[in-house]
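Beneath this line is the structure, given in structure tokens, with notes to follow.
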Amino acid sequence: MTVTAAPTPQTQRERRGMWTFLRFITGLALLAGLAYFLWTPGDWANKLFVWVLLTILADECAGWFGYAGLALGALVLLAPGATPEQWFVVLPLVGGALFALLLLKHSGGPFVLPFAGALFAGAILLAQKLGDMLGTPIKQVSNPELERRALLAAAIGLAFSFVRQLVGMLLRWQKRRRAAAVTVTTTPAPVPAPPAPTSPKRNG
């Protein structure tokens with residue numbers, strides 16, 4: 001069986017540098033697209049969906065990209081034109097749930113993500129029940145469009161994160177396995193020590 005030679009340390013550094021650069025550029029592109037979408041006029045429900053989704057996707061590039069995307073939600077309040085009144089409820093409610101999701105997401109690997117999604121959904125659904133018992137403007141929390149868009153966007157983003165992290169774990173496992181195989185192949189076999197000379201027997 002032919003074993004592929006392990007990459008040199010310089011090659012590994014170059015690959016890590018290229019991967020870091022690509023993640024940085026992707027994160028900036030996602031934040032730029034999110035800022036443009038939130039700044040331009042549009043339906044509040046669409047802004048909510050894009051805000052949650054792109055924030056979670058940007059977080060895959062680096063943790064601070066996710067928090068930056070979370071902060072960009074305030075752009076809707078500063079954008080020119082009429083500010084959707086629903087956003088005064090969306091920003092603190094969904095923003096708080098999204099912040100909790102990111103914190104839990106950063107605390108572990110892919111198997112933490114279902115709990116992060118449950119925390120996000122629980123916060124939205126609990127606020128809805130409270131909104132049903134209270135009056136305006138808190139009553140806007142019970143808008144079914146808010147629940148539908150926020151939970152769908154979070155589900156898509158977390159599903160992507162789960163698959164990406166699982167693939168990364170698999171690739172790292174295969175890399176360690178290949179490195180171990182190369183180590184075993186290149187390790188020289190021990191050379192047996194020559195037998196100790198024996199003194200000739202004397203007659204008589």
Side-chain angles (χ1 to χ4, degrees), residues 23-24 26-40 42-79 83-134 137-169:
R23 291 176 64 180
F24 181 77
T26 302
L28 287 181
L30 288 172
L31 290 182
L34 176 60
Y36 175 79
F37 193 86
L38 294 179
W39 184 260
T40 55
D43 182 64
W44 72 270
N46 293 333
K47 291 181 181 292
L48 170 61
F49 180 85
V50 173
W51 180 39
V52 175
L53 178 60
L54 292 192
T55 296
I56 297 176
L57 293 182
D59 188 70
E60 291 298 297
C61 300
W64 68 272
F65 280 122
Y67 295 122
L70 177 64
L72 285 177
L75 277 180
V76 179
L77 303 179
L78 305 174
T83 299
E85 62 178 2
Q86 295 88 347
W87 207 256
F88 291 100
V89 175
V90 167
L91 185 61
L93 171 61
V94 180
L98 190 55
F99 179 71
L101 181 150
L102 293 177
L103 285 178
L104 188 55
K105 179 175 178 289
H106 297 159
S107 66
F111 302 106
V112 179
L113 298 179
F115 298 99
L119 177 63
F120 181 83
I124 300 295
L125 297 177
L126 178 61
Q128 274 198 319
K129 290 186 178 181
L130 293 176
D132 291 336
M133 297 184 296
L134 301 174
I138 305 300
K139 192 174 181 180
Q140 297 173 7
V141 174
S142 61
N143 191 322
E145 196 67 16
L146 185 151
E147 173 193 349
R148 187 180 306 113
R149 296 300 180 95
L151 297 186
L152 179 60
I156 295 174
L158 291 177
F160 175 84
S161 177
F162 186 81
V163 172
R164 185 198 67 80
Q165 293 191 44
L166 279 184
V167 171
M169 291 174 59

Is any side-chain heavy atom of [Y] closer than 4.5 Å to one of [X]?
| X | Y | result |
| --- | --- | --- |
| I56 | L98 | yes |
| L91 | V76 | no |
| L158 | L101 | yes |

[X] side chain to [Y] backbone, donor-acceptor under 3.5 Å:
| X | Y | result |
| --- | --- | --- |
| K47 | T40 | yes |
| W44 | L146 | no |
| T55 | W51 | yes |
| S107 | L104 | yes |

Quickly, which of L57, L54, L31 forms a side-chain contact (heavy atoms from CB on, under 4.5 Å) with F65? Name it, please. L31

Which heavy atom of [X] sits nearest a heavy atom of [Y], and at what distance?
| X | Y | value |
| --- | --- | --- |
| C61 | L30 | SG-CD1, 4.4 Å |
| I124 | A97 | CD1-CB, 4.3 Å |
| A150 | V52 | O-CG1, 4.0 Å |
| P110 | M169 | CG-SD, 3.6 Å |
| L34 | V50 | CD1-O, 3.9 Å |

Starting at CG of D43, measure out to CD of Q86 and round the result to the nearest 0.5 Å. 8.0 Å

How long is the straight-line distance from CD of E145 back to CG of N46, given to the nearest 0.5 Å? 8.0 Å

Quick note, salt bridge (Lys or Arg N to Asp or Glu O under 4.0 Å) partners involving residues 108-128, not counting sequence neighbours, are none

Provide the full list of salt bridge (Lys or Arg N to Asp or Glu O under 4.0 Å) pairs with a residue in residues 105-123, sequence neighbours left out, each pair given once. D59-K105, E60-K105

Residues 112-120, side-chain donor-acceptor partners within the protein, below 3.5 Å, at least two apart:
none

Might you work through the side chain to side chain contact (heavy atoms under 4.5 Å, CB included) test for L72 and F37, ending with a clear yes or no? CA-CA 10 Å; L72 285 177; F37 193 86; over 6 Å; no

Can you say whether the rings of Y67 and F99 are parallel (under 30°), tilted (30 to 60°) or perpendicular (over 60°)? tilted

Kindly assign one of parallel, tilted or perpendicular to the pair F162 and F111, based on the angle between their ring planes and the thresholds 30° and 60°. perpendicular

